[in-house]
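Notes follow the structure.
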Amino acid sequence: MATAQFRPLSSSSSASAAARPRAYRAAPSRVAAAASASGEPTRRLAAEFDPAVPLASAVTPPSGWYTDPGFLRLELDRVFLRGWQAVGHIGQVKNPNDFFTGSLGNVEFVVCRDASGKLQAFHNVCRHQASLLACGSGQKTCFQCPYHGWTYGLDGTLLKATRISGIKNFNKNDFGLLPIKVATWGPFVLARFDDSSQDTVHDVVGDEWLGSASDLLSRSGINTSLPHICRREYIIECNWKVFCDNYLDGGYHVPYAHGALASGLQLQSYETLTYEKVSVQRCESAPAEQEDIDRLGTKATYAFVYPNFMINRYGPWVDTNLAVPLDGTRCKVVFDYFLDESLLDDQDFINRSLKDSEQVQIEDIALCEGVQRGLASPAYGVGRYAPSVEMAMRHFHCLLHAKLSGQ
């Protein structure tokens, strides 16, 4: 791709500092304002869950957590837009000029690797009239606004502002793209929307994001050595937490909903470990036929990273699930598949494995959409936990309650 030519911008040095916006200053969050405006009823709904009750006596969060139209605003403000969030994988920004876009609530973002190879992330919004800049993913040497042509470097610098002759109190350095803090852990790209500082230490990121589970996940082979195979996305008619709850039930639903998967697992070996913001479910696999490459391997590890990211390590595979809320009763779940390099040329094995995974997803989607309809029924208010298996689900609900309560 040819590099675009830009005319230099002149800056108005006579303008006072008070008369022009400061560089990289983010506007107040409208999500936060909306959450505050949701008022006391939403906060009371969050408080209806009691994390202090022992698991064997506890009830689940009320159905309003999954059906109330305003509840997601509180979650966006206090859960999703605070702390590190998984937003993609490093294969999407492997080379200089690579980029991908995404959204979370009302935050539109773009992640890119600039010409020097540095990973960058910005709000994907032109500083002129708020048009979205980039779309999808690919390679660009710059971001040009499709509305009025304002152009930015992949380091966020404003390179060209069109037709601004006569403008006063304007300094191009004050109108670069607003940055978002970005980092990586293993093969994953993480963003932090509540902190615009750019310096970060990756060991610290792992500690903040995964806590004491970081070493366990590293030892489980969740690293950059497995190439990305494919991505699949599903729009599911359920609240994002319904999908997470389904993942976190300790294999409870597997023998009833996933017959083929259950036959490949030794469910009596199922165990659950909980950490600060991570829960790990592990299960040994049933012996495979000797002539077959075993998709599940000898043990499957399912790690849930609060609030909405799932990492599955089994046999030669790693796959991830990211549950992104779209509104109160719909979510998008993004699946990324990574495979051991030794099997990249075995297309038959890849196709069979992906087909088996697809079957599980179809079964889970039916379950989750059925649960969402049941949650909206007047017949349901709260449920109960199965204490021997649903401890990871309870852990998730307690973490949510703490953040929703402002702890």
key: Distance flag, aromatic centroids of Phe188 and Trp84, threshold under 6.0 Å   = no
remark   = Sorted by chain and number, sequence neighbours left out, ring-ring contact (aromatic ring centres under 6.0 Å, His included) with Phe143 holds for Phe99
ask   = What is the minimum heavy-atom distance between Gln120 and Leu154, and which atoms define it?
value = CG-O, 3.5 Å
ask   = With side chains defined as the heavy atoms from C-beta onward, is the minimum distance between Val324 and Val333 less than 4.5 Å?
value = no
ask   = What residues, two or more places apart in sequence or in another chain, satisfy salt bridge (charged side-chain N to carboxylate O under 4.0 Å, His left out) together with Asp348?
value = Arg352
task = Compute the ring centroids of Phe338 and His228, then answer whether they are less than 6.0 Å apart.
result = yes
message = Looking at Arg82 and Asp77, is any side-chain nitrogen of the basic one under 4.0 Å from a carboxylate oxygen of the acidic one?
response = yes
request  = Taking side-chain hydrogen bond (donor to acceptor under 3.5 Å, both in side chains) as the test, write out the residues that go with Asp215, two or more places apart.
outcome  = none
task = May I have all residue pairs that pass salt bridge (charged side-chain N to carboxylate O under 4.0 Å, His left out) and include part of residues 93-104, sequence neighbours excluded?
result = none
message = Salt bridge check, Asp194 against Arg192: does any charged N sit closer than 4.0 Å to a carboxylate O?
response = yes
key: Lys/Arg N to Asp/Glu carboxylate O, Glu75 vs Lys403, below 4.0 Å   = no
Minimal non-hydrogen separation, Cys244 against Phe304, with atom names = SG-CE1, 3.8 Å
query = With sequence neighbours excluded, what pairs up with Tyr275 under the side-chain hydrogen bond (donor to acceptor under 3.5 Å, both in side chains) test?
reply = none
Contacts of Tyr337 that satisfy ring-ring contact (aromatic ring centres under 6.0 Å, His included) - sequence neighbours left out = none
key: Heavy-atom donor-acceptor pair, Arg313 side chain to Thr301 backbone, under 3.5 Å   = no
key: Check: Trp150 and Thr162 side chains under 4.5 Å, non-hydrogen atoms   = yes
ask   = Would the Phe122 and Phe109 ring centres measure less than 6.0 Å apart?
value = no
message = Closer than 4.0 angstrom, basic N to acidic O: yes or no for Glu40 and Arg43?
response = yes
All side-chain hydrogen bond (donor to acceptor under 3.5 Å, both in side chains) counterparts of Asp50, not counting sequence neighbours = none
All pairs passing ring-ring contact (aromatic ring centres under 6.0 Å, His included) where residues 371-390 contributes a residue, at least two apart = Tyr385-His397
request  = Output every pair passing salt bridge (charged side-chain N to carboxylate O under 4.0 Å, His left out) with a member in residues 263-274, not counting sequence neighbours, ordered by first then second residue.
outcome  = Glu271-Arg282
Beyond-backbone contact of Met310 with Phe243, side-chain heavy atoms, under 4.5 angstrom = yes
message = List the residues meeting ring-ring contact (aromatic ring centres under 6.0 Å, His included) with Phe71, not counting sequence neighbours, and say none if there are none.
response = Trp65
key: Least distance between heavy atoms, Thr272 atom then Val389 atom   = OG1-O, 4.4 Å
Anything under 3.5 Å between a donor and an acceptor, one on a side chain of residues 370-377, the other on a protein residue two or more places apart or in another chain? List them.
| from | atom 1 | to | atom 2 | distance (Å) |
| --- | --- | --- | --- | --- |
| Gln372 | OE1 | Asn239 | N | 2.8 |
| Gln372 | NE2 | Tyr66 | O | 3.1 |
| Ser377 | OG | Ala379 | N | 3.0 |

task = Please name all residues satisfying ring-ring contact (aromatic ring centres under 6.0 Å, His included) with His401, sequence neighbours left out, ordered by chain then number.
result = Phe49
